Amino acid sequence: MKIFRIIYITFFVVICFSLFILMPLSHSDMSVEKREAAGLPAIRTEDGKLNMSFFDELTDYFSDNFAFRQELATADAVMKSKLFHTSNNEKAVVGKNEWLYFNGSLDDYFGRNLLNEREIYAAAKTVSLMQEYAQSRGCDYIFTVAPNKNTLYPDNMPANYIPAEGDTNIEHLRDELAKTVTFSGNKVNYVDLQGTFLAQDKILYHKWDSHWNNEGAVLAMNTLLGSVGKEHYDYKDEAYSIEANHSGDIWQLIYPTWNKKDENVIYARPHSYTYVNPVESVEDMFIVTSCADKEGNVLMFRDSFGNALLPYIADEYANGIFLKGMPLNVKQIETSGTSTLIFEIVERNIPNIIAYLPVMDAPLRDLSSAEIQSVAETGSTIEYEDKVNQYVIYGSVDPEYVDTDTDIFIRITTASGNVSCYEATPGAYIKPEEGEDMSFNYGAYISKDSIGEDFTVELLSGKNNDIFCTKSLNIVYN
């Protein structure tokens, strides 16, 4: 009995050490996890001090680089998904009939951690201010939300995952936008892709990926460009084939070394756009395109749902700029000759609309006839940052002076006595912590040319048909 115990222990130790010894012969492709593997730590820091985190960093290094890491992870995932219908990766959900879903969509699916009424109003107001800015510069404006996969196709979610009863962020924002108009009286051009996709009698998202397939991307393109009357090729009569050639993003997370492809629709019509800048893939953060014999320039703010959508949009405009990431630099329309501004965001990221202050000039508002009451002591804050040609004035409003539909203004009095009022965007300049209440943030970009260097800032907000000045700040440059 003792000899078997020794053999077992010896075998276990050999296996453990082999994972370390064989590291040079095995390489983990971390691109499937969209991150870099931890590097071998140094005993001393750059300033010559002892690295007190050495052993923690060494653990991370071994965890990311031990031999056959991804092969073993794939084997573990196969056993767990096939035998127990669970995922070994916290970012993925193993559903019924081999369907895979992204874990980041579960808050929306379960109806938890939703935006409150004020935050929904703030998101709709932010979208409307972007439209006002774009239209004042002669641009068409399109805003849309790409639905989460399990919002459209919940039937293959795990049986013990009970969906929310009632509306969630995407429906609340849709309803708020339906009654939102810009300052000039225009309705917000919100393109409801949720309703559009639900009306289809076929599945237009990938089975092993969190995004729509090419047929879904074409439906989205037709709906978006149709909303502004942009002439385009609609693919309705285009020949296509079905090919298993798509690497599903969730599949790669769970099975990093199992190269099994998802099916996709492949249209016979080739794309005609070309890249202007060096581009590795549609995943790139900054892409510039050109398409001969087309008219108009498009600026598109997009996320990963724009990967499949980008080729079809780029085919319809003479010039295109496609940007990922926040904050949104809306001011680019002034230098890019933009004729159409598109803002696409996935449902699970709706909170980001107010978590990042968009870069655009705050609009002037006439409050000369309003009775403004000054309040001496409040919890409101005013901060500012010098951005070369403009100021960013930001902070938070005392909740006592904010209703669900309160708008926020900044009144500036220059050194010469000129007074001007600007409407602030109800978004955060400094990104809040996850789960933090974003109801009371505001921010505004204001040109230095219009107000000079010495001025007073006053924060105005309305409640119960009254407007209150809840904070003031003197800014003086010596």
Side-chain angles (χ1 to χ4, degrees), residues 34 77 80-81 84-117 119-120 123-124 143-177 190-213 216-217 219-220 248-255 262 302-308 344-355 432-438:
K34 300 187 185 302
K80 287 183 177 178
S81 62
F84 305 108
H85 303 289
T86 60
S87 170
N88 71 338
N89 190 301
E90 62 181 9
K91 295 182 179 180
V93 175
V94 175
K96 293 178 284 189
N97 301 314
E98 293 190 323
W99 273 54
L100 302 176
Y101 295 89
F102 180 53
N103 180 280
S105 65
L106 292 184
D107 276 353
D108 297 300
Y109 185 78
F110 292 136
R112 66 190 184 194
N113 301 321
L114 299 179
L115 298 179
N116 60 42
E117 289 185 8
E119 290 171 319
I120 289 292
F143 171 67
T144 195
V145 177
N148 295 334
K149 181 177 172 179
N150 47 19
T151 294
L152 298 178
Y153 311 112
D155 292 348
N156 285 303
M157 285 287 284
N160 60 327
Y161 282 43
I162 308 302
E165 294 184 3
D167 293 341
T168 58
N169 284 339
I170 190 170
E171 291 88 10
H172 290 152
L173 182 58
R174 174 202 64 200
D175 294 344
E176 187 63 39
L177 286 168
Y190 170 60
V191 177
D192 180 13
L193 290 182
Q194 180 186 16
T196 300
F197 274 77
L198 287 174
Q200 307 304 306
D201 60 358
K202 59 176 66 176
I203 293 172
L204 301 174
Y205 277 47
H206 290 289
K207 185 176 182 178
W208 301 328
D209 193 285
S210 57
H211 305 92
W212 47 46
N213 59 25
L219 176 62
D249 59 348
I250 311 177
W251 181 275
Q252 292 179 78
L253 283 175
I254 302 180
Y255 313 114
D262 210 339
R302 53 97 179 203
D303 49 33
S304 55
F305 272 81
N307 293 349
E344 173 271 314
I345 192 168
V346 66
E347 176 185 352
R348 60 180 176 266
N349 286 338
I350 285 176
N352 284 346
I353 296 173
I354 55 174
E433 296 292 331
E434 186 173 350
E436 183 178 336
D437 190 342
M438 297 185 288

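Nothing here was measured: the structure is a model prediction, and the numbers come from that model.
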_Return the CG to CG distance between L193 and L204, rounded to the nearest 0.5 Å._
11.0 Å

*Taking D107 for the side chain and N113 for the main chain, is one N or O donor matched with an acceptor at less than 3.5 Å?*
no

*Derivation of the side-chain contact (heavy atoms from CB on, under 4.5 Å) call for D249 and H211*: CA-CA 9 Å; D249 59 348; H211 305 92; 3.1 Å; yes

*Do N349 side-chain atoms and N352 backbone N/O form a donor-acceptor pair below 3.5 Å?*
no

*When rounded to the nearest 0.5 angstrom, what is the spacing between OG in S210 and CG in L253?*
9.0 Å

*asked:* Whether the side chain of E176 engages the backbone of L173 through a donor-acceptor N/O pair (distance < 3.5 Å, no angle test) should be reported.
replied: no

_If you compare all heavy atoms of P432 against all heavy atoms of A355, which two are closest, and at what distance to 0.1 Å?_
CD-O, 3.7 Å

_W212 and Y205 aromatic ring geometry - parallel, tilted or perpendicular at 30°/60° bounds_ = perpendicular

_Separation between CH2 of W208 and CG of L100, rounded to the nearest 0.5 Å_ = 8.0 Å

*Separation between CZ of R174 and CG of D192, rounded to the nearest 0.5 Å*: 6.0 Å

*Contacts of type side-chain hydrogen bond (donor to acceptor under 3.5 Å, both in side chains), residue E171, not counting sequence neighbours*: T168, Q194

*Donor-acceptor under 3.5 Å (E119 side chain, N116 main chain)*: yes

*Quick one: do D262 and K207 make a salt bridge, cutoff under 4.0 Å?*
no

*asked:* Any donor-acceptor pair under 3.5 Å linking the side-chain atoms of R348 with those of N169?
replied: no

*For A308 against A217, the heavy-atom pair lying closest together*: O-CB, 3.6 Å

*From CZ (F110) to CD1 (I162), nearest 0.5 Å*: 8.0 Å

*Check whether any side-chain heavy atom of V93 lies under 4.5 Å from a side-chain heavy atom of Y161, and answer yes or no.*
yes

_Using the ring centroid of each side chain, check whether Y101 and Y109 are separated by less than 6.0 Å._
no

*Could you give me the CA-CA distance, side-chain angles and deciding distance for M438 and L115, then say whether side-chain contact (heavy atoms from CB on, under 4.5 Å) is met?*
CA-CA 9 Å; M438 297 185 288; L115 298 179; 4.2 Å; yes

*Between L152 and F197, which heavy-atom pair has the shortest distance, and what is it?*
CD1-CB, 3.7 Å

*Between NE2 of H172 and CD1 of I350, what distance do you get to the nearest 0.5 Å?*
10.5 Å

*Enumerate the residue pairs fulfilling side chain to side chain donor-acceptor pair (under 3.5 Å) with a member in residues 149-158, sequence neighbours excluded, ordered by first and then second residue.*
N97-N156, S105-N150, T151-E347

*Can you establish whether the number of heavy atoms outside E117 located under 6.0 Å from its atom CD is more than 12?*
no

*Tell me, please, which residues at least two apart from T144 pass side-chain hydrogen bond (donor to acceptor under 3.5 Å, both in side chains).*
none

_Between D108 and I170, does the side-chain contact (heavy atoms from CB on, under 4.5 Å) criterion hold? Intermediate values first, please._
CA-CA 8 Å; D108 297 300; I170 190 170; over 6 Å; no

*Walk me through it: do N307 and R302 pass the test side-chain contact (heavy atoms from CB on, under 4.5 Å)?*
CA-CA 8 Å; N307 293 349; R302 53 97 179 203; 2.6 Å; yes

